[in-house]
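The structure appears right after this line, and notes come after that.
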Number of protein chains: 4
Amino acid sequence: MAYQRSALMQERLAENRERILRSARALIARGGFREASITAVAADAGLSTGAIYRYFPSKAELFVEVLTEAVRRECDILREIIGRPGTADQRLRAAVDSFARRALEGPYLAYAFIAEPTDPEVEAARILCRQEFSDVFKTVLRQGISTGEFPRQSVDVSAACIVGAFTEALVRPVAPTTPRSKDEKLIEAIVDFCARAVSGPARQA
Amino acid sequence: MAYQRSALMQERLAENRERILRSARALIARGGFREASITAVAADAGLSTGAIYRYFPSKAELFVEVLTEAVRRECDILREIIGRPGTADQRLRAAVDSFARRALEGPYLAYAFIAEPTDPEVEAARILCRQEFSDVFKTVLRQGISTGEFPRQSVDVSAACIVGAFTEALVRPVAPTTPRSKDEKLIEAIVDFCARAVSGPARQA
Amino acid sequence: MAYQRSALMQERLAENRERILRSARALIARGGFREASITAVAADAGLSTGAIYRYFPSKAELFVEVLTEAVRRECDILREIIGRPGTADQRLRAAVDSFARRALEGPYLAYAFIAEPTDPEVEAARILCRQEFSDVFKTVLRQGISTGEFPRQSVDVSAACIVGAFTEALVRPVAPTTPRSKDEKLIEAIVDFCARAVSGPARQA
Amino acid sequence: MAYQRSALMQERLAENRERILRSARALIARGGFREASITAVAADAGLSTGAIYRYFPSKAELFVEVLTEAVRRECDILREIIGRPGTADQRLRAAVDSFARRALEGPYLAYAFIAEPTDPEVEAARILCRQEFSDVFKTVLRQGISTGEFPRQSVDVSAACIVGAFTEALVRPVAPTTPRSKDEKLIEAIVDFCARAVSGPARQA
DNA sequence: CATGAATGAGAATTCATTCAT
DNA sequence: TATGAATGAATTCTCATTCAT
């Protein structure tokens, strides 16, 4: 019986933890880190502020987890796409397309990605996240270069540029009123940009 | 004598104003908008907090000026470069090169560009700044496309991607410890990336 | 047990709220709105400044409540007195007497009534309070006039004058050192003044 | 020549002093003591803030002078009226009428009279001013009582009540939109109120 | 003498975090 | 374990007063 209670409890705890993360994510998405006060997160999650501190040692660590979790999911998907068969170009396009598509549906993962956090600790995490993103693209870039499909280039820089390019392109111009029909054009344009950027002719000598 | 006093005073005032702007810029650069409290700016500028309000009506307006001033300077230079003779590719490369070079010297214009301000008023200004940057690149893109030098592409998206690409590439990996020698390679890689992105082959049908 | 805790807590909360109101009232009474800073109110109530904001959304709203609560109490009593049987003159006298008596015991309700608040929001509330006071007296004035007990007169003006007359008479001369024995004479004089003012002979033609 | 300069100077000084007082009075009248900051007074007077302190040792003393000067003028007029020949009733009526009329034209002397100053020093002066007003009315009251025209009453209290009555009646209901035509009725009602109050039948035994 | 830039104490308000219940 | 009231440091902004020019 003690076991049963423990099991139920553990489930509840996990549930609460998940709810807090979801609420934090939603609030950050809606209004940036600025709107995601502990009070707001607690209210949204249906818990007390004190309870938050039972699951997370500080606001900063909560936000770090929100960020890393979101990025981990994203990167898992991207890695899977990049691991498929096909040319490097095809796979890069598919990855950018997939990311852009999801970003447009919940446009603010990208936002949380760009938004400056209030806390240096979170800021550090954000940089790591961007690097993780970068790494995913580096993989396919290296493959493309080694097969001769892509010209020689700095994979570090190209990967960073790809991440920057599509976050920039996605976050700002996508006003809430942008009609759905234009999304396809936008995605296509971003995908093309990135594809050209890595597979275009090498530098003219 | 009254004239001299007035002249000296005016100089002092202009100097103070400039010092405040410089301090704000430096603090924003170092630690984002978060670190640039009025108290910190005042201390850094060697003035009292009250003095700040003699020069700027509010914190928000100070930051807006920091932002717009920095961007105006940058855009002026870029516009000049893009107005020079030469192929669109040459001019785009020159522009990106010039921006990247200055960004590496005072690496944090780009940061202020990315950092999320605490204040919606400043946020609005930042978006306008990004658009102004975008607009500069749109000009050369349109020219390149109309002469057939660049393939057909969405100038809006390409311009946004270019801005995103080099801010991303510049801001993060450039740790303070990065050796100077690597800078040239970095700049070259970014320039190449952007050049390929706009002049690479059109989408394969 | 949860119930008990909740009940105790609720009691505490109500107690704190009351303490804040009491402190604000006392400070306003002693030194006007000027002395009633949030810091002072908090200190007097034995709470932190932040705690005040858990009970009242702003300084203005706290002061508005102080004012309206005090006036409501006063008006309730006055209305009750005016609703009793008797001549209009008797009831007016009783009302003025009752108000004056309480004002002398806690002499500063009247003061809060005169003091100019720093905040337009509070100022608005004060005007409403004065009107509510006025309205109470208008009732008995109208009754007296309709029964022929009082001469024809502007009830609006007479009511305002009554309020002004006794606040003025009460607030100022009542230095903290005024001996108790003189209070009775003072009250009687004020009551007489007001009674004569409304029931004296009509204007001589 | 030194004399001439000195004379011119002295004139200028007196002129400036007067201008400062006028500006302060106007600002207090318009928006209460709250709006009458030193900066505002200086701007309105066409002088620097520093200059204010050459004429008045502090904001408080400036305001005290504004108050006492205004009250002195008013009291001079009232005393003149009360010194005229006629019954006490006639002279009291004339005095109240005269004051009310001027108050309605520049409605805010009365306001400055009620408004709570930010400064205890000014507050003290205001109390004295009210007493001076009171004293004027006491004169005529004593005369009326000694001739048997007015019933026995506390002249202290009656005088205070008169001052309170008409300031209250004048300040508040006089919204800026009140039509001029109603002013006559208002003045008449106030005059009647005060006249009845002092000349009505003595307390019923 | 006049100027007005500078000061700096103090005001209201916010919010992450703690801790008694 | 959960609650949410309380804390208190930090932030932006104001304004009477001073003093170098």
Side-chain angles (χ1 to χ4, degrees), chain A residues 9 12-13 16 34 36-43 46-60 62 118-119, chain B residues 1-2 4-10 12-13 16-17 34 36-42 46-60 62 118-119, chain C residues 1-2 4-10 12-13 16-17 34 36-42 46-60 62 118-119, chain D residues 9 12-13 16 34 36-43 46-60 62 118-119:
Chain A
M9 202 42 123
R12 252 182 91 111
L13 292 186
N16 280 349
R34 191 165 58 262
S37 68
I38 286 286
T39 311
V41 171
L47 290 167
S48 66
T49 58
I52 305 288
Y53 286 84
R54 194 153 287 284
Y55 295 93
F56 298 92
S58 74
K59 194 196 181 196
L62 164 58
T118 324
D119 202 305
Chain B
M1 190 171 136
Q4 273 197 14
R5 185 168 58 196
S6 174
L8 278 172
M9 201 39 124
Q10 211 139 12
R12 249 182 94 111
L13 292 187
N16 280 348
R17 198 169 199 284
R34 176 176 20 98
S37 70
I38 287 285
T39 312
V41 171
L47 289 167
S48 67
T49 59
I52 305 291
Y53 288 87
R54 180 162 287 277
Y55 295 92
F56 299 92
S58 72
K59 193 196 179 196
L62 165 59
T118 326
D119 200 306
Chain C
M1 188 173 135
Q4 273 197 12
R5 184 168 58 196
S6 173
L8 278 173
M9 203 36 127
Q10 212 140 11
R12 251 182 93 108
L13 292 188
N16 280 348
R17 198 170 198 284
R34 177 174 20 97
S37 68
I38 287 286
T39 313
V41 171
L47 289 168
S48 66
T49 58
I52 306 290
Y53 288 86
R54 181 163 287 279
Y55 294 91
F56 299 92
S58 72
K59 194 198 182 194
L62 165 59
T118 325
D119 201 306
Chain D
M9 203 41 123
R12 251 181 92 109
L13 293 186
N16 280 349
R34 189 162 63 261
S37 67
I38 286 285
T39 311
V41 172
L47 290 167
S48 67
T49 58
I52 305 287
Y53 285 86
R54 194 154 287 284
Y55 295 93
F56 299 91
S58 73
K59 193 196 180 196
L62 164 59
T118 326
D119 203 305

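- Residues Ile52(D) and Val41(D) share a closest heavy-atom pair of CD1-CG1, 4.1 Å.
- In this entry the distance linking CD1 of Ile38(C) with P of dA12(E) reads 6 Å, nearest Å.
- Across the protein-nucleic acid pair, Arg54(B) atom CZ and dA6(E) atom P stand 7 Å apart, rounded to whole Å.
- At the heavy-atom level, Ser48(C) lies under 4.0 Å from base atoms of the strands shown.
- Considering only the side chain of Ser58(B), dC13(F) comes nearest among dC13(F), dT3(E), dA2(F).
- Tested against Leu62(C) for a side-chain contact (heavy atoms from CB on, under 4.5 Å), the candidates Tyr53(C), Tyr55(C), Phe56(C) yield a single pass: Phe56(C).
- Look at OH on Tyr53(A): it is 7 Å from P on dT18(E), rounded to the nearest Å.
- Here dT14(E) sits opposite dA9(F) as a Watson-Crick or G-U wobble pair (both hydrogen-bonding atom distances under 3.5 Å).
- From Ile38(A), atom CD1 reaches atom CG of Leu47(A) across 11.5 Å, with rounding to the nearest 0.5 Å.
- Between Arg12(C) and Pro57(D), the residue whose closest nucleotide on DNA chain F is further toward the 5' end is Arg12(C).
- The distance between atom NZ of Lys59(A) and atom C1' of dC15(E), rounded to the nearest whole Å, is 8 Å.
- We find that CG of Leu13(D) is positioned 9 Å from C1' of dC1(E), with the value rounded to whole Å.
- Counting any heavy atom pair closer than 4.0 Å across all strands shown, Tyr55(C) reaches sugar-phosphate atoms only and no base atom.
- When each of dT7(E), dA2(E), dA16(F) is scored by its nearest atom to the side-chain atoms of Ser37(D), the top-ranked nucleotide is dA16(F).
- In this structure, CD1 of Ile52(B) is placed 14 Å from C1' of dT11(F), rounded to the nearest angstrom.
- Across the strands present, dG4(F) finds its partner in dC19(E); the criterion is a Watson-Crick or G-U wobble pair with both atom distances under 3.5 angstrom.
- With hydrogens and angles ignored, a donor-acceptor pair closer than 3.5 Å exists between the side chain of Thr49(D) and the base of dA5(E).
- Taking CZ of Arg34(B) as the start and CG of Asp119(A) as the end, the distance is 7.0 Å to the nearest 0.5 Å.
- Between the CZ atom of Arg34(D) and the P atom of dA16(F) there is a distance of 13 Å, rounded to whole Å.
- Here dA12(E) presents its C1' atom at 12 Å from CG of Leu62(C), a figure rounded to the nearest Å.
- Two residues, Ala60(C) and Asn16(B), neighbour DNA chain E, and the one matched to the more 5' nucleotide by heavy-atom proximity is Asn16(B).
- Between Ala51(B) and Ala51(C), the one whose closest nucleotide on DNA chain E sits nearer the 5' end is Ala51(B).
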